[in-house]
Each structure stands twice: as C-alpha cells, then as structure tokens.
2 protein chains.
Amino acid sequence: MNDSELISVLSRRGIRPTQQRIAVYKYLLTHPEHPSADTIYRALVEEYPVFSRTTIYNSLGALIEAGLVRQVNICADEQRFDATVTDHGHFFCKECGKVYDFGFDSPAMVSRLCPRGFIKEQGDVFFTGICKHCYSF
Amino acid sequence: MNDSELISVLSRRGIRPTQQRIAVYKYLLTHPEHPSADTIYRALVEEYPVFSRTTIYNSLGALIEAGLVRQVNICADEQRFDATVTDHGHFFCKECGKVYDFGFDSPAMVSRLCPRGFIKEQGDVFFTGICKHCYSF
DNA sequence: GCATTTGTTTGTATTCATTACAACTTTGCT
DNA sequence: AGCAAAGTTGTAATGAATACAAACAAATGC
C-alpha cells in the first residue's frame, strides 16, 4: 500500500491522515510481529527525529477508534498492537517472547463458542506456550 | 473447601501452605469475578491488618506457578486473576464492565485451533461485546 | 489573503500497577 | 534448641501509559 492509498484509507475512516498516523499505520502493516508502543517509537524516531512518544499513543488510539488497528492483550507488562483486524488467533511464546498469528480452519467455529444471547463484537483466541522454533532445543 | 482441604491442595502442588497464600487462594475461589491484585489486597487487609501488597503478588505468583490460578489478560491497565483453571472462555461486556465465564460445548475444539508444532500450555477464548443483560435495553 | 477556530503534535510531569530489594520472621529439619 | 531455607513486609524503584499546556498545522469563515 503506497502513501496515497494509506491517506484515502484513513480519510474514509474519518480520521485526518497526518504524517504521524500514516507512519504508525505503515509501520504496523509492515511489521506484523505485534510491536509494542515503545518498539514503534524507537523505530520511527530513527526515521523522523522529531516524533513524540505521546503521538504514538495518540495515533494508535485514533487508528483503533477507526477500526484499523487492534490492541492485543497478550503480555501482562505491555500492550501490543496489530494491523490485522480480521479474526485470527495469537500464540505467545514464553521462551522467545514472540507473538505468532494463526488463522482458523473454520472461522465460524470460533463464533460458535460465544454464549447465546451475548453480542460478540470482537473475538480472540490466545494460546501461551512454547513455539515450534524454541521447542526444537 | 475448608482450610484443611486448602492446605492439602497447596501442599500437593508443592508450595508451602502459608496463611497468606491460603487467604489469597480462598478469596479467588469465593470471588469468581476475576479480581485484580489491588482488589484482593483491599479485601484481605480488612481481615488481616498486616498484609503486604508484595505478598499478594508473591502469593499469586506461587499459586500460578503451582497451576492453581490463572492470569487473565482482560483489561489493558491491570491484571485479573482467576481460580478456575479448566479451559473456559471470557466475555467482557463493554457496557457494564463485567467479565462472564463460559464453558465450551466441546473443549477439544479449542485445542484443535492451536497451530501444529506449537506446544500449548494455556488457551483462552476472549470475546468483547454486549452481554445478554445489557442488550435487553 | 487574513483571522479564527478546531484538531494535532510535542515534551514534560504525573500516575499507578508491578517489581526489586533488604531486613525481618517463620517454618522445616536434624 | 539451633540452623538454614523459604516466606513476608515495607519501602524504593521501574516503566508503561496518561494528563496537560504550549506550540503548531490545517480547515473554515469573512
């Protein structure tokens, strides 16, 4: 996705396509490893020397509000963020700290877990354990 | 579960059944609404005036290590704790803020979602939305 | 074009959950 | 009893997230 496409995506969602928001969104799109606010900040401050931590949080807030980004509550110590908003699961490796995405064979299955009468807006499946790569040792 | 039963449960899990750990565990067993560390602290300090916040965290850590308690990453701002360790889901109502537990029709279904080669230690299904009671209005 | 207002960014100060640490206490064992 | 190991306590430190006010930019009205 190039910059003009990003601008139109943000505009269509009703938020002003500022340089900072575009940079944050672009970073999330190109780094699907669920970075923390701090990770995003460290990366972007290299590229744009004047970039405030607060702006990271503000931009993430605006993007979440607009439905373009999701918050992932997978680690206890810090929030992680994810530009993939379609239903998918997360696997957190206790060993290497990475968060892996995985799809569902049948997405409807997950919705079927939701109890009757409860209106589901967002669903997440979280697993914690040892990832494929760390288990080899 | 009375105190002597609690003592034997803790002992069997390999942790010393101290008064404080028993108190924390008993609180979680009798309060299934997923309290935070602070909520537990405030409640227990009433009963046992000398009770440190650090002890709450230490006890929770020991109980989690022993597999008797689970950490629930429901809110971004604070950890919640849960003495129900069998696989179950959580529904967070945006309206009333309550966290509902729900079981699965077929628990194996959840494990089947875990990607191949990844060693699952803990699984959690988490829905956000509007609960049955808030939807009625 | 210029002034006004509205929204955004920035940097610093603050909040607050959690952790680190060292002194003290309790428990288990011989 | 006496000793070592484990647990508890309170305070201090950490660090992610938020509040806030000043500076800045962009949109609107004239």
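For the numbers below, each heavy atom of this structure counts, side chains included, while hydrogens, waters and symmetry mates do not. Small disclaimer: the values here were computed from a predicted structure and weren't measured. The sequence lines fix the lettering, A, B, ..., with proteins before strands; numbering per chain opens at 1.
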Open item on the list: Measure CD/B/E78 against P/D/dT18 and give the value in whole Å, please.
Closed with: 13 Å
TODO: Take the protein atom CZ of B/R80 and the nucleotide atom C1' of C/dA17, then report the distance between them rounded to whole Å.
DONE: 13 Å
Task: 5' precedence on DNA chain C between B/P17 and B/D38 (nearest-nucleotide basis) - done: B/D38
Open item on the list: Does D/dA25 have OP1 or OP2 under 4.0 Å away from a side-chain N or O of A/T18?
Closed with: no
Task: Among C/dT18, C/dT10, C/dT8, the one nearest B/Y57 by side-chain distance - done: C/dT18
- [ ] Measure the distance from CZ on A/F51 to C1' on C/dT9 and round it to the nearest whole Å.
- [x] 9 Å
Task: Output field: ring centroids A/F91/A/F102 closer than 6.0 Å - done: no
Task: Distance in angstrom units between B/N58 CG and C/dT19 C1', rounded - done: 10 Å
TODO: Tell me which nucleotide among D/dT9, C/dT18, C/dT10 gets nearest to the side chain of A/Q20.
DONE: C/dT10
Open item on the list: If I take atom CZ in residue A/R16 and atom P in nucleotide D/dC24, what distance separates them, rounded to the nearest angstrom?
Closed with: 17 Å
Open item on the list: As a test of reading the structure: which of D/dT8, C/dT18, C/dT27 is closest to the side chain of B/Q79, going by heavy atoms?
Closed with: C/dT18
Open item on the list: Parallel, tilted or perpendicular: which one describes the rings of B/H90 and B/H88, with boundaries at 30° and 60°?
Closed with: perpendicular
Task: Euclidean distance, atom CZ of residue B/R53 to atom P of D/dT11 [Å, nearest integer] - done: 12 Å
Task: Considering all heavy atoms, the nearest A/I74-B/N73 contact - done: O-ND2, 3.2 Å
Task: Interatomic distance, B/Y48 OH vs C/dT26 P [rounded to whole Å] - done: 16 Å
- [ ] Report the nucleotide, chosen from C/dA20, C/dG7, D/dT8, that has the shortest atom-to-atom distance to any side-chain atom of B/T54.
- [x] C/dA20
Open item on the list: Could you check whether B/Y41 and B/F51 have their ring centres less than 6.0 Å apart?
Closed with: no
TODO: Taking only the side-chain nitrogens and oxygens of B/R21, find out if one of them lies under 4.0 Å from OP1 or OP2 of D/dG7.
DONE: yes
Open item on the list: What is the distance, to the nearest angstrom, from the CZ atom on A/F81 to the P atom on D/dA17?
Closed with: 6 Å
- [ ] Step through the shown structure and confirm whether more than 12 heavy atoms of other residues, nucleotides or ligands are within 6.0 Å of CD on B/Q19.
- [x] no
